[in-house]
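Every chain is numbered from 1 and lettered A, B, ... according to where its sequence line falls, protein lines coming before strand lines. We use all heavy atoms of the structure for the numbers below, so side chains are in, but hydrogens, waters and symmetry mates are not.
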2 protein chains.
Amino acid sequence: MPNDHKMADGIFNKRDTSRVTMTDVGRLAGVTQVTVSRALSHPDKVSKDTLRRIQDAIDATGFVPNAVAGALASKRSNLVSALIPSLTNVVYTSFMATFSQHLRQHGYQVLLSETGFDAASEDALIATHLSRRPDAILLTGIHHSDKARKQLQGAGIPVVEIWDITDDPIDICVGFNHHAAGRAVAEYLKAKGHAFAATITADDERALRRQSAFAERFTALSQSAVPDANTGGTASIGAGREAMAHLIDHSDFRKGAVFCSSDLSAHGAIIELHTRGYKVPQDIAVVGFGDQDFAGDIDPALTTVAVDRLQLGHLAANSVLDKLAGRPTKSVHDLGFKILTRLSA
Amino acid sequence: MPNDHKMADGIFNKRDTSRVTMTDVGRLAGVTQVTVSRALSHPDKVSKDTLRRIQDAIDATGFVPNAVAGALASKRSNLVSALIPSLTNVVYTSFMATFSQHLRQHGYQVLLSETGFDAASEDALIATHLSRRPDAILLTGIHHSDKARKQLQGAGIPVVEIWDITDDPIDICVGFNHHAAGRAVAEYLKAKGHAFAATITADDERALRRQSAFAERFTALSQSAVPDANTGGTASIGAGREAMAHLIDHSDFRKGAVFCSSDLSAHGAIIELHTRGYKVPQDIAVVGFGDQDFAGDIDPALTTVAVDRLQLGHLAANSVLDKLAGRPTKSVHDLGFKILTRLSA
DNA sequence: CAGCGTAATGTATGCGCATACATTTTTGAT
DNA sequence: ATCAAAAATGTATGCGCATACATTACGCTG
């Protein structure tokens, strides 16, 4: 594929002519480049005295190692690529925060990109990322194009897929069973005595799978159809309000429970219900998904499906580190989920 | 500084022995490495026929260019570094989404890290990022250590500071005047007839500056002290509730207006007021900050201070691109702000 | 058809570092 | 004091690509 980007081409490209290298530092410290390199990556192999002189030379020159050259020579970039659907969705970014922090402690940096729920742009991004020769790569979800799978396998690096599980991961996956989660919520609400239910779902493949599992199971249990309001784009309070309004205005759903694909839309649904005079959960119960930080702080406190995101972050990071270190690793990690009963359902 | 990270050291380091290079592609297409390189970056300088053969060879081999080697040879990484305080705060991530997208269209990738509101870790991160030889770097805020400034200047690349303005930027800054925003809110609330006010502020340097400007101005206008509830960490609905509760329980603030450092804490404050039976804005008015996507969707709709984040993203990206292309650029961009009057104040 | 400009490709080189291997210096045990 | 092992440092080399420069193959003008 020819490179069709416009390349920047200005005065700043001429910089670097004067940048300090290990050779410069070495000259100042009276040693060669190799010793400087060693002083930085294997300080125990360099005498106390030279170490000090090199350190002084580094301070004096303001030397900043060139990780690009280092990566080329060593074939290790200390970079881990990560692709997430959205940069603004806390569900993904809070995971990333944990993941990055954990990896940083082991000397790795994370190169993060947003794929935007779009398969085509994911393919392009995977190629771009692989060109940076990351030491590992993390993807969201388990559905990737054949081309992507091929490139990933060809890269010969650990690949972690998160937020979902499958028996056939590219390499490693860490997540939970969305189908089971949908079913579980259906059973929970049925057990609570609800005869009717509806769903509010965002345009997210995993959310849609939870929704369909929920609808299928709830219909089986209660013999009543489950209307769905698709919020169209990504979940938000506004989208949740709109969807709730739509359900009330355009379906015969008037009492029962609503299963939302996100805590955000659940929160929006509750706000809409309140402004219309419905009581939650007495008139209509609401279940969210994700257990976001605010779930316990709204009124009524939100009943929701919780997945241990901290553990997700740790497991994903550890899997990467284990693989990189050649330690044995499980290829499928099922985090499970938990229905957190609060007051809204 | 010696590298004290544990280095991963496992089986995966041996990979790459078999990775396809331009030389391999060239051999298959009957040309040399140079022609392959040209085919990729200057396709117009290669004949139609060879171009096709090279393309075929690329497809056949699954060649993925090595951007690391490219960067070393060309001294351009096509990377732009970005440091933001928090990955989970939509205020920063929504900016990043715009910024990254814009730069991606011009062939640049963004290397994003979270600094965590902590100056020491910012210094370390700046060094790490500079070692990757980014073509430009973006920082949040205008307060950086001397060491950081020195390193940044030595890097000889465009530096953009966002979310704040100063007469003395390292290179370029894009933001607005937080002091002026605080004053403006004070004047707005005074004009609305409020004689009393309080503030709810998170532990964020810029938020604290808005708060102190607000308090100073409001006190000057109304001769009444402005109690503050610091939420301690980062803003959230929960922190807002707690702070509001604290104000009511532990100060003599009972009526008037509350200026919150974030829409999130404002939302929390409103929830707390509602559960305690206060009417918003009749009993207590609430002003937020940031105009997050939900601000208009809660009840009552939130009056807040809006900054054009989209424009911030575009301006920051364009400034970088202009600098890189050697075009003339303004060094200080004041975005201004706007008080968005809705129902909560 | 000489002569020259242009298009198309190739050759040579080095970016800054890590690493294998070679050499020198130091240490300690006898 | 002697020698082998260990510690400390150096030499040589190449990672994969971009770029300056050299070469070759073709037109085209007069």
Would one find a side-chain N or O of [X] under 4.0 angstrom from OP1 or OP2 of [N]?
{"X": "T50(A)", "N": "dA8(D)", "result": "no"}
{"X": "T23(B)", "N": "dG16(D)", "result": "no"}
{"X": "S47(B)", "N": "dA7(C)", "result": "no"}
{"X": "T21(B)", "N": "dG16(D)", "result": "no"}

If I take atom [atom1] in residue [X] and atom [atom2] in nucleotide [N], what distance separates them, rounded to the nearest angstrom?
{"X": "K45(B)", "N": "dG10(C)", "atom1": "NZ", "atom2": "C1'", "result": "15 Å"}
{"X": "K75(B)", "N": "dC15(C)", "atom1": "NZ", "atom2": "P", "result": "7 Å"}
{"X": "I54(B)", "N": "dG10(C)", "atom1": "CD1", "atom2": "C1'", "result": "13 Å"}
{"X": "L130(A)", "N": "dG16(D)", "atom1": "CG", "atom2": "P", "result": "16 Å"}
{"X": "M22(B)", "N": "dC17(D)", "atom1": "CE", "atom2": "P", "result": "5 Å"}
{"X": "N66(A)", "N": "dG16(C)", "atom1": "CG", "atom2": "P", "result": "7 Å"}
{"X": "D24(A)", "N": "dC15(C)", "atom1": "CG", "atom2": "C1'", "result": "13 Å"}
{"X": "R133(A)", "N": "dC17(C)", "atom1": "CZ", "atom2": "P", "result": "21 Å"}

Sugar-phosphate only, base, or nothing, as touched by V68(B) at under 4.0 Å among non-hydrogen atoms: nothing
Sugar-phosphate only, base, or nothing, as touched by V36(A) at under 4.0 Å among non-hydrogen atoms: nothing
Over all atoms of both residues, closest heavy-atom pair of D135(A) and L324(A): O-CD2, 3.4 Å
End-to-end axis angle, where each axis spans five pairs of the helix from dC1(C)-dG30(D) to dT30(C)-dA1(D), to 10°: 30°
Distance-only polar pair, side chains of T128(B) and S131(B), donor-acceptor under 3.5 Å: no
Donor + acceptor pair across side chains of S113(A), H129(A) (<3.5 Å): yes
Proximal nucleotide (of dG16(D), dC17(D), dC17(C)) relative to the F63(A) side chain: dC17(C)
Check: F95(A) main-chain N/O paired with R309(A) side-chain donor or acceptor under 3.5 Å: no
Can we say [X] and [Y] salt-bridge, meaning some charged N sits less than 4.0 Å from an Asp/Glu carboxylate O?
{"X": "D146(B)", "Y": "K150(B)", "answer": "no"}
{"X": "R19(B)", "Y": "D24(B)", "answer": "no"}
{"X": "D56(A)", "Y": "R52(A)", "answer": "yes"}
{"X": "D123(B)", "Y": "R149(B)", "answer": "no"}

pair V110(B)-R104(B): side-chain heavy atoms closer than 4.5 Å: no
Dump the pairs, protein N or O against N or O of nucleotides 19-24 of chain C, anything under 3.5 Å, distances to one decimal.
{"residue": "dT19(C)", "atom": "OP1", "partner": "R76(A)", "partner atom": "NH2", "Å": "3.3"}

Residues that L335(A) engages under side-chain contact (heavy atoms from CB on, under 4.5 Å), provided they are two or more places apart: V174(A), V307(A), Q311(A), L312(A), L315(A)
